Amino acid sequence: MINSSKIIPMSPLEENNLIINYYIYKYIYGQFVICATDKGICYIGIGDEKEMLEELKKRYKYSIPVKKAIKHHETAIFQINDPSIVNNITFHIKGTEFQLKVWNELLNISPGQTCSYKHIAEKIGKPKAVRAVANAIGQNPVAFLIPCHRVIRSDGTLGGYNWGLDVKKQRLEHESLI
DNA sequence: CCCTAACTAGTCT
DNA sequence: AGACTAGTTAGGG
């Protein structure tokens, strides 16, 4: 196990009037919008500021976004730059029990490695819930840090990706070089 | 609240 | 190509 990151589930109560600090970073895949509470990373999106803030609002309806750089952002961008380093990122995200289980499994995939949706389904003890797993992975709010790009179809093709298949491919190539 | 139907970034025949 | 799958979501009762 090379990843010591952990997920803190966000309760509906916490979400109310929660301050979310966000900041913009440029990277080779495009512009990142990184969002974090004082507890941990809660959302990372690729795209322009306005669009991503709308996404953030959709997920954390009653939160208050504040543009301000904090330590959590630094840790996140550090890890995105070099996925091979062992890190201890803390996530603070909202999700159903099922989703959190899936995302936790994703954290255990090593950089450069891939695995199938079926494999994840088996890991969480619901071997037939493959479609549902895919659904949950698609809802992953934290681009790259929860490595949904490392999950591919069992026939070896890439499957889908929220940020576009070319990004998924590039990211995998980048990781396999490390 | 419960029920139903309509979504998936999948997988097997 | 078609059937099948299970969890989430949205809409109606």
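All values below come from the heavy atoms of this structure, side chains included, with hydrogens, waters and symmetry mates left out. Note that the coordinates shown come from a computational prediction; the quantities given were computed from them, not determined experimentally. So you know, we letter chains A, B, ... as the sequences are listed, proteins then strands, and number each from 1.
With hydrogens and angles disregarded, a donor-acceptor distance shorter than 3.5 Å links the side chain of A:Q99 to the backbone of A:T96. Judged by distance alone, the side chain of A:Q31 and the main-chain N or O of A:G47 form a donor-acceptor pair under 3.5 Å. The closest donor-acceptor contact from the side chain of A:H73 to the backbone of A:N21 lies under 3.5 Å.
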Contact letters for nucleotides 5-10 of chain C, in which S counts primed atoms plus P, OP1 and OP2 and B counts the base, heavy atoms under 4.0 Å
BBBS--
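Of all non-hydrogen atoms in A:P83 and A:H174, the two that sit nearest each other are CD-CE1, 4.4 Å. Of all heavy-atom pairs between A:E175 and A:P111, the closest is OE1-CA, 3.6 Å. Heavy-atom minimum distance, A:A36 versus A:H72: CB-CB, 3.8 Å.
Among residue pairs with one or both ends in residues 58-69 of chain A, those qualifying as side-chain hydrogen bond (donor to acceptor under 3.5 Å, both in side chains) are A:E49-A:K67, A:E55-A:K58; sequence neighbours excluded.
The ring of A:Y25 has its center closer than 6.0 angstrom to the ring center of A:Y23.
Sorted by residue number, the members of residues 151-164 of chain A with any non-hydrogen atom under 4.0 Å from DNA chain B read A:R153, A:S154, A:G159, A:G160, A:Y161, A:N162.
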Could you pull out all donor-acceptor pairs under 3.5 Å where a side-chain atom in residues 151-170 of chain A meets a protein atom, sequence neighbours excluded?
residue	atom	partner	partner atom	Å
A:D155	OD1	A:T157	N	3.0
A:D155	OD1	A:T157	OG1	2.6
A:K168	NZ	A:V151	O	2.9
A:K168	NZ	A:L158	O	2.7
A:K168	NZ	A:G160	O	3.0

Please list, one pair per line, the donor and acceptor atoms closer than 3.5 Å that link side chains of residues 118-147 of chain A to other protein atoms, with sequence neighbours excluded.
residue	atom	partner	partner atom	Å
A:N140	OD1	A:V142	N	2.9
A:N140	ND2	A:I146	O	3.3

Canonical and wobble pairing (Watson-Crick, G-U, under 3.5 Å) of DNA chain B, dot-bracket with |:
||||||||.||||
